[in-house]
Protein chains: 4
Amino acid sequence: MTETEPTPRWQRRADERPQEILDAALAVFVERGFAAARLEEVAKRAGVSKGTVYLYFSGKEDLLKALVQSAILPQLENIEALARDHSGSSRELLIKMVDAMWRGIALSPLSGIPKLMLSEAGNFPELARFFLEAVIQRHWALMRRVMEDGMERGEFRRLPSDLAVRIFIAPMMMAVFWKHSFMPLEEQPLDMARYFDVALEMSLASIAAQAANTLERKDS
Amino acid sequence: MTETEPTPRWQRRADERPQEILDAALAVFVERGFAAARLEEVAKRAGVSKGTVYLYFSGKEDLLKALVQSAILPQLENIEALARDHSGSSRELLIKMVDAMWRGIALSPLSGIPKLMLSEAGNFPELARFFLEAVIQRHWALMRRVMEDGMERGEFRRLPSDLAVRIFIAPMMMAVFWKHSFMPLEEQPLDMARYFDVALEMSLASIAAQAANTLERKDS
Amino acid sequence: MTETEPTPRWQRRADERPQEILDAALAVFVERGFAAARLEEVAKRAGVSKGTVYLYFSGKEDLLKALVQSAILPQLENIEALARDHSGSSRELLIKMVDAMWRGIALSPLSGIPKLMLSEAGNFPELARFFLEAVIQRHWALMRRVMEDGMERGEFRRLPSDLAVRIFIAPMMMAVFWKHSFMPLEEQPLDMARYFDVALEMSLASIAAQAANTLERKDS
Amino acid sequence: MTETEPTPRWQRRADERPQEILDAALAVFVERGFAAARLEEVAKRAGVSKGTVYLYFSGKEDLLKALVQSAILPQLENIEALARDHSGSSRELLIKMVDAMWRGIALSPLSGIPKLMLSEAGNFPELARFFLEAVIQRHWALMRRVMEDGMERGEFRRLPSDLAVRIFIAPMMMAVFWKHSFMPLEEQPLDMARYFDVALEMSLASIAAQAANTLERKDS
DNA sequence: AATGAATGAGGTTTCATTCAT
DNA sequence: TATGAATGAAACCTCATTCAT
């Protein structure tokens with residue numbers, strides 16, 4: 001029992017601990033859902049013991065909140081910064097924004113958070129409301145301004161912008177959900193890169209100014 | 001409400017019971033997720049006691065399976081019938097099919113099932129695989145044939161049909177998920193009818209033959 | 001729904017019902033133990049429905065009590081009658097009594113009752129006390145008198161008769177318990193008839209006054 | 001009883017816990033039977049909470065299996081060692097073996113296991129078969145060899161050894177069952193020591209070659 | 001008299017949380 | 001700080017009992 005060697009049995013890693021735990025929690029929550037996720041598995045994936053989780057978080061629910069509240073906002077601010085700094089066509093800005101969202105969220109583990117919130121909205125309405133307002137609606141509002149600008153400029157055709165935004169990014173969101181649900185079961189898993197290319201192109205076509213046989217013009 | 005007879009403690013309604021329980025289970029599972037759903041609440045919503053559920057289903061998981069396996073397939077067969085019986089343009093058929101899906105699934109409680117499977121795929125991979133193959137991929141295969149027909153005929157532009165199908169119906173699927181997650185939290189809940197009209201129009205625009213600024217023509 | 005034919009859907013069988021139910025209950029209780037026995041199985045074996053059991057018995061426990069209180073006593077009275085009517089050696093009487101017990105109890109389904117009481121004594125002390133006093137001790141008292149008579153007469157050697165009785169019939173009791181526990185699992189199930197012959201001979205030898213009369217020497 | 005320190009809610013005693021739980025389980029199972037035994041009572045007797053049982057055993061049935069598989073075999077090996085090391089008459093060896101069984105099993109809490117298996121054989125046939133083969137038949141086989149040796153040597157009279165063994169130890173087994181069923185209900189509980197002395201003497205007499213050497217005549 | 005659908009108390013089991021080490 | 005044994009509330013599930021038919 002005498003410990004003569006200065007060998008530390010475990011390494012205090014500055015404080016990456018909380019983040020490691022959050023990362024593990026995200027993975028497990030997304031895979032199993034909040035209720036079915038066992039804290040023991042979160043701990044194991046984070047490489048700590050169950051008790052340690054409670055040193056940094058007050059409980060399972062706190063873990064969920066910390067996850068949701070901290071994770072997406074920086075990405076969103078990123079996207080907002082793009083808009084602030086942009087000069088050029090609305091189309092180009094839209095592409096930039098969607099591209100940032102794709103790379104910053106859809107391709108990263110953060111993509112689990114929308115899936116998680118979608119699943120858990122019924123159990124955590126407060127948290128869901130926060131996510132709805134602070135993330136979703138804020139994101140939509142930003143895109144809406146860009147889209148309306150584009151309409152003003154004649155780059156995009158006139159559409160009800162509140163709906164058009166949702167519809168425009170729906171294919172990207174679907175990919176995010178797909179990734180965390182059925183994709184692991186597909187024999188030939190979806191090629192995300194190809195999907196993004198085609199989805200972006202189709203979404204842009206759906207709002208493009210020219211041509212586009214529209215509801216309004218169907219009798220012309 | 002005037003009850004002159006001594007109140008019967010229960011009613012015998014064996015024939016309708018299983019469906020009533022399934023309906024209740026769907027509602028609770030969709031709202032809370034499978035793990036967080038309490039069988040007691042399912043029973044209460046079905047107007048029966050906990051024990052009664054076990055007269056018709058062997059357990060909670062069996063309830064989930066019965067739900068998923070029985071519910072959507074008839075709707076899907078509906079849609080397949082449309083395709084069989086159709087004569088006319090591919091565009092018209094596509095509209096018919098999407099419309100049937102919207103009315104038969106999206107607007108009905110059945111819309112909960114895709115949301116439920118999305119959430120639970122990680123916990124019930126076998127069931128999810130069944131749903132993927134028997135419902136999703138079967139639906140996609142059907143739409144894909146229609147879309148490729150339309151491309152042949154020049155109604156739709158050339159797109160990778162496997163991806164185009166997913167992207168085409170993504171806005172409808174998003175509405176289905178939205179309805180069972182954030183919509184109840186919206187101050188001004190989404191107007192599903194307007195959404196459908198715009199989404200259909202935009203989706204059609206995204207595959208329309210003419211105009212549509214494309215990937216190929218981006219330098220023209 | 002009009003029943004023109006006089007075909008009765010089930011036959012009212014005088015009142016064998018209660019006894020049929022008791023027989024079924026005995027079989028199930030002995031096989032599974034009281035707690036693990038399901039009333040549904042008792043009903044099924046009796047060829048009635050669960051509800052019918054309650055027409056004749058007030059509940060599961062009542063079934064057990066009725067079983068124990070009614071079943072063995074007649075056999076015991078039988079044996080007591082043998083003693084009353086006997087004239088001859090004590091050894092002969094002892095053999096008659098053991099033989100009656102073997103045929104009347106050990107070889108019949110009644111043999112389940114001692115096994116059942118042995119198992120359930122801890123859960124039903126009152127019932128067990130009844131069985132102990134009304135059956136076991138009464139039986140022992142009778143045998144003890146016979147055995148002491150035989151000692152007086154010099155047929156049996158002097159032994160503490162209270163213990164000698166228990167020991168004398170132990171091999172028969174063991175067969176009873178064996179039959180309802182491990183015997184069905186034996187590759188070569190015990191031959192009860194052979195067992196009885198040898199057991200009786202050995203038991204008699206164990207109390208015989210002088211040199212054991214043996215199987216081999218029975219004609220000497 | 002003076003408790004100056006704040007009362008600790010529990011003690012950590014991981015190493016002894018499993019055995020303490022098994023001891024408690026044996027007592028409760030034997031008293032009530034497996035099905036009627038409540039895990040809460042097992043836990044209480046072991047001085048732990050319900051949940052703790054599940055730290056060491058995967059469930060109620062596992063507890064039963066662990067109990068049966070671990071407990072008796074060492075005693076049996078003890079007895080087999082006696083036979084290996086013995087030199088002397090078969091009678092002396094037989095006495096040694098029975099004595100070891102009496103002291104090692106009948107007088108210890110282990111005596112509950114045969115009672116338990118007898119009761120539960122119908123519900124756990126696999127476990128019962130294990131017990132039958134690994135314990136009962138193994139024990140009988142050993143005794144049978146000794147008994148046949150004794151017959152060869154003329155110490156015991158010729159008897160069908162397969163049956164003679166069962167009959168020879170029946171009185172000891174009966175005491176084991178008695179102890180865990182009716183003995184606690186007896187006004188004057190059986191004196192086990194006296195019982196053993198008489199039973200052994202009578203059993204020996206039942207197989208003795210010539211005239212039974214008796215309690216009365218041992219000094220003649 | 002007989003049925004069996006319905007009930008709900010009571011058991012087993014799980015797992016978030018606590019806390020002695 | 002870190003651990004993981006211990007806890008106990010809460011869930012699932014069973015089945016004796018009731019009662020409308």
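Since we're looking at a predicted model, the values are computed, not measured. FYI, side chains are in, hydrogens and waters are out, and symmetry mates aren't considered; it's all heavy atoms of this structure. A note on names: the letters A, B, ... follow the listed sequences, proteins ahead of strands, and every chain is numbered from 1.
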Next on the checklist: If you take the centroid of each ring, where Trp contributes its six-membered ring, are D:Phe182 and D:Phe177 closer together than 6.0 Å?
Outcome noted: no
Checklist entry - Between atom NZ in B:Lys60 and atom P in E:dT12, what is the gap in whole Å? => result 21 Å
Next on the checklist: What's the closest nucleotide to the side chain of C:Tyr54 if the choices are E:dA5, E:dT14, F:dT17?
Outcome noted: F:dT17
Next on the checklist: Applying the Watson-Crick and G-U wobble criteria at under 3.5 Å, what pairs with E:dT21? Answer none if nothing qualifies.
Outcome noted: F:dA2
Item to check | Nearest-Å distance for atom pair CG/C1', residues C:Leu63 and F:dC15 | outcome: 15 Å
Next on the checklist: If you assign B:Ala37 and D:Val48 each to the DNA chain F nucleotide with the nearest heavy atom, which residue ends up on the more 5' nucleotide?
Outcome noted: D:Val48
Next on the checklist: Please tell me if D:Tyr56 has a side-chain N or O lying less than 4.0 Å from either OP1 or OP2 of F:dA6.
Outcome noted: yes
Next on the checklist: Under the side chain to side chain contact (heavy atoms under 4.5 Å, CB included) test against B:Tyr56, which residue among B:Ile21, B:Val48, B:Leu63 passes?
Outcome noted: B:Ile21
Checklist entry - To the nearest Å, how far apart are B:Arg38 CZ and E:dT14 P? => result 20 Å
Item to check | G-U wobble or Watson-Crick pairing nucleotide for E:dA1 (cut-off 3.5 Å, both distances) | outcome: none
Checklist entry - Any ion pair linking A:Glu31 and A:Lys115 (charged N to carboxylate O, less than 4.0 Å)? => result no
Item to check | Sidechain N-carboxylate O distance under 4.0 Å for B:Glu20, B:Arg17 | outcome: yes
Next on the checklist: Over all strands shown, is D:Ala36 touching base, sugar-phosphate only, or nothing at heavy-atom distances under 4.0 angstrom?
Outcome noted: nothing
Checklist outcome for this item: Separation of E:dT13 atom C1' from D:Asp62 atom CG, nearest Å, is 13 Å
Checklist entry - Is the phosphate of E:dA1, meaning OP1 or OP2, less than 4.0 Å from a side-chain N or O of C:Arg17? => result no
Checklist entry - Under a 4.5 Å cut-off applied to non-hydrogen side-chain atoms, are C:Pro18 and C:Phe57 in contact? => result yes
Item to check | Any-strand Watson-Crick or G-U partner of E:dA9, both distances under 3.5 Å | outcome: F:dT14
Item to check | D:Glu40 CD - E:dG10 P separation (whole Å) | outcome: 13 Å
Next on the checklist: Under 4.0 Å from OP1 or OP2 of F:dT3: is there any side-chain N or O of A:Ser49 that close?
Outcome noted: yes
Checklist outcome for this item: Nearest-nucleotide check on DNA chain E, D:Ser58 vs B:Val53; residue mapping nearer the 5' end is B:Val53
Checklist entry - Considering residues, nucleotides and ligands other than A:Glu40, do more than 12 of their heavy atoms fall under 6.0 Å from its CD? => result no
Checklist outcome for this item: Sorted by position of nearest nucleotide on DNA chain E, 5' first, the leading residue of A:Gly59 and B:Gly51 is B:Gly51
Checklist entry - Side chain of B:Leu39: nearest nucleotide among F:dA6, F:dA2, F:dC13? => result F:dC13
Checklist entry - Between D:Leu55 (CG) and F:dG4 (C1'), how many Å, whole number? => result 9 Å
Next on the checklist: Given E:dA2, F:dA2, F:dA6, identify the nucleotide with an atom nearest to the side chain of D:Thr52.
Outcome noted: F:dA6
Next on the checklist: Distance check needed: E:dT18 P versus A:Lys50 NZ, whole Å only.
Outcome noted: 12 Å
Checklist entry - F:dT1 P sits how many Å from A:Asp15 CG, rounded? => result 9 Å
